[in-house]
Amino acid sequence: MSDSEDVVEVESCVLGTKGHWDSAYDRELDCFEETGDVGEIWFGKSCLKTMCKGVSQLSELNKETSKIIDLGCGNGMTLIELSKLGFKKLDGSDYSDKGIELAKRIMEQEGFNHINYFVDDITDSKIEQYVYDAVLDKGTFDAIALSEDRDRMKQLYKKHVEHILKPDGIFVITSCNYTENELKLYYTSPQFEFIKNIQYPVFSFGGSKGTTQTTLIFKKK
């Protein structure tokens, strides 16, 4: 079965370009300096708190010793929330230097100093192999899938996660563009096995039920 079989892709758009995110974080950085507003929290605060609480309850992770990275961290609010839950070894990477600058400013405002933020691009990553106990993704795969070169970038991203994650490491992915079945189809492989999902409130509309986002947890074999 191919990775793309039965997966409904969204049309490519500016959300899949580095230029868009550089401009967006530049504006949010200016706004933060003027008002202290952290900017957009991708998928909303409720999703952020629910996802991070689910991560904190994973028996595979230790708050003191597990090394975790948020790929495409943006303003870093996922790592701020995990810091509030007691996690100590946190990294955040993004290909936008403006996003990383904003994340560092927010970390200072929140009174933390233990999060390591750095600029990194998966097309030329400097991250070494088998570094992390957990890799987090909240919307990054969605953005990659909106790029003009979607198929190549999706494959590159999957290989990157596999490369930086330790054996038996945890991959947590949150998406609003892909369903649970689509994510399972794409990521379940000889390298990854599905463990569980994180539950969100279910909404009913027009006789159908669903959620506005999906979070799945995989383990590297």
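This chain uses plain numbering: 1 for the first residue, then up along the sequence.
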Q. Between Tyr186 and Tyr178, is the gap from one ring center to the other below 6.0 Å?
A.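 Centroid distance Tyr186-Tyr178: not below 6.0 Å, so no.
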
**Q.** Criterion side-chain contact (heavy atoms from CB on, under 4.5 Å) on Trp42 and Thr140, from CA distance to verdict
**A.** CA-CA 10 Å; Trp42 209 237; Thr140 300; over 6 Å; no

Q.
With heavy-atom distances below 4.5 Å as the criterion, would you say the side chains of Ile195 and Ile170 are in contact?
A.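 Ile195 reaches Ile170 side chain to side chain.
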
Q.
I'd like to check Ser189 versus Lys158 (side-chain heavy atoms, cut-off strictly below 4.5 Å). Are they in contact?
A.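 Yes; the side chains approach each other to less than 4.5 Å.
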
Taking all non-hydrogen atoms of both residues, which atom of [X] and which atom of [Y] are closest, and how far apart?
{"X": "Asp37", "Y": "Cys31", "answer": "CB-SG, 4.1 Å"}
{"X": "Ser96", "Y": "Tyr25", "answer": "OG-CD1, 3.6 Å"}
{"X": "Ser175", "Y": "Leu183", "answer": "CB-CD1, 4.0 Å"}
{"X": "Ala145", "Y": "Lys154", "answer": "CB-CD, 4.2 Å"}

Q: Would you sort out whether Thr123 and Asp121 count as a side-chain hydrogen bond (donor to acceptor under 3.5 Å, both in side chains), showing the intermediate values?
A: CA-CA 5 Å; Thr123 62; Asp121 190 325; 2.9 Å; yes

(Q) One pair to check against side-chain hydrogen bond (donor to acceptor under 3.5 Å, both in side chains): Tyr200 and Thr215. What are the steps and the verdict? (A) CA-CA 9 Å; Tyr200 294 98; Thr215 298; 2.5 Å; yes

At what distance, to the nearest 0.5 angstrom, does [atom1] of [X] lie from [atom2] of [Y]?
{"X": "Cys73", "Y": "Ile100", "atom1": "SG", "atom2": "CD1", "value": "4.0 Å"}
{"X": "Ile217", "Y": "Asn197", "atom1": "CD1", "atom2": "CG", "value": "8.0 Å"}
{"X": "Cys47", "Y": "Gln213", "atom1": "SG", "atom2": "CD", "value": "4.0 Å"}
{"X": "Met77", "Y": "Leu82", "atom1": "CE", "atom2": "CG", "value": "11.0 Å"}
{"X": "His114", "Y": "Leu79", "atom1": "NE2", "atom2": "CG", "value": "8.0 Å"}
{"X": "Asn177", "Y": "Glu182", "atom1": "CG", "atom2": "CD", "value": "9.5 Å"}

Could you tell me whether [X] atom [atom1] has more than 12 heavy atoms of other residues or ligands within 6.0 Å of it?
{"X": "Gln129", "atom1": "CD", "value": "yes"}
{"X": "Lys221", "atom1": "NZ", "value": "yes"}
{"X": "Lys63", "atom1": "NZ", "value": "yes"}
{"X": "Lys184", "atom1": "NZ", "value": "yes"}

**Q.** side-chain contact (heavy atoms from CB on, under 4.5 Å) assessment of Glu162 paired with Lys220
**A.** CA-CA 7 Å; Glu162 179 189 350; Lys220 182 179 175 182; 4.0 Å; yes

Q: Please list, chain by chain and in numerical order, all residues satisfying ring pair (Phe, Tyr, Trp, His ring centres under 6.0 Å) with Phe194, sequence neighbours excluded.
A: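 With neighbours one apart ignored, the set is Phe218.
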
Q. Is a side-chain N or O of Asp97 found less than 3.5 angstrom from the main chain of Gly99, in a donor-acceptor match?
A.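 The answer is no, because no donor-acceptor pair under 3.5 Å joins these two groups.
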
Q. For the side chain of Lys126 and the backbone of Asp124, is there at least one donor-acceptor N/O pair under 3.5 Å apart?
A.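 The answer is yes, because a donor-acceptor pair under 3.5 Å joins these two groups.
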
Q. Does one hydrophobic cluster hold both Ile164 and Tyr130, with members joined at side-chain heavy-atom distances below 4.5 Å?
A.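 Per the 4.5 Å side-chain linkage, Ile164 and Tyr130 are not co-clustered.
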
Q) Should Glu28 and Asn75 be marked as a side-chain hydrogen bond (donor to acceptor under 3.5 Å, both in side chains) after you check the CA-CA gap, both sets of side-chain angles, and the distance that decides it? A) CA-CA 9 Å; Glu28 290 190 359; Asn75 61 13; 4.6 Å; no

(Q) Salt bridge check, Lys98 against Asp22: does any charged N sit closer than 4.0 Å to a carboxylate O? (A)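 No.
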
Q | Pair Glu108 + Lys104: basic N to acidic O under 4.0 Å | A |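 Result for this pair is no, no salt bridge flagged.
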
N/O donor to acceptor pairs below 3.5 angstrom from side-chain atoms of residues 51-60, sequence neighbours left out:
| residue | atom | partner | partner atom | Å |
| --- | --- | --- | --- | --- |
| Ser56 | OG | Lys53 | O | 2.6 |

**Q.** Given Leu71, Ile144, Ile127, the one that forms side chain to side chain contact (heavy atoms under 4.5 Å, CB included) with Ile122
**A.**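 Output: one option passes, namely Ile144.
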
**Q.** Arg105 and Glu101: CA distance, side-chain angles, deciding distance, side-chain contact (heavy atoms from CB on, under 4.5 Å) verdict
**A.** CA-CA 6 Å; Arg105 300 282 185 86; Glu101 185 177 352; 3.0 Å; yes

Q. Which class fits the ring pair Phe192 and Tyr187: parallel under 30°, tilted 30 to 60°, perpendicular over 60°?
A.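 Rings of Phe192 and Tyr187: perpendicular, over 60°.
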
Q: Could you go through the side-chain contact (heavy atoms from CB on, under 4.5 Å) check for Asp133 and Ile68 one step at a time?
A: CA-CA 6 Å; Asp133 299 289; Ile68 299 172; 5.6 Å; no

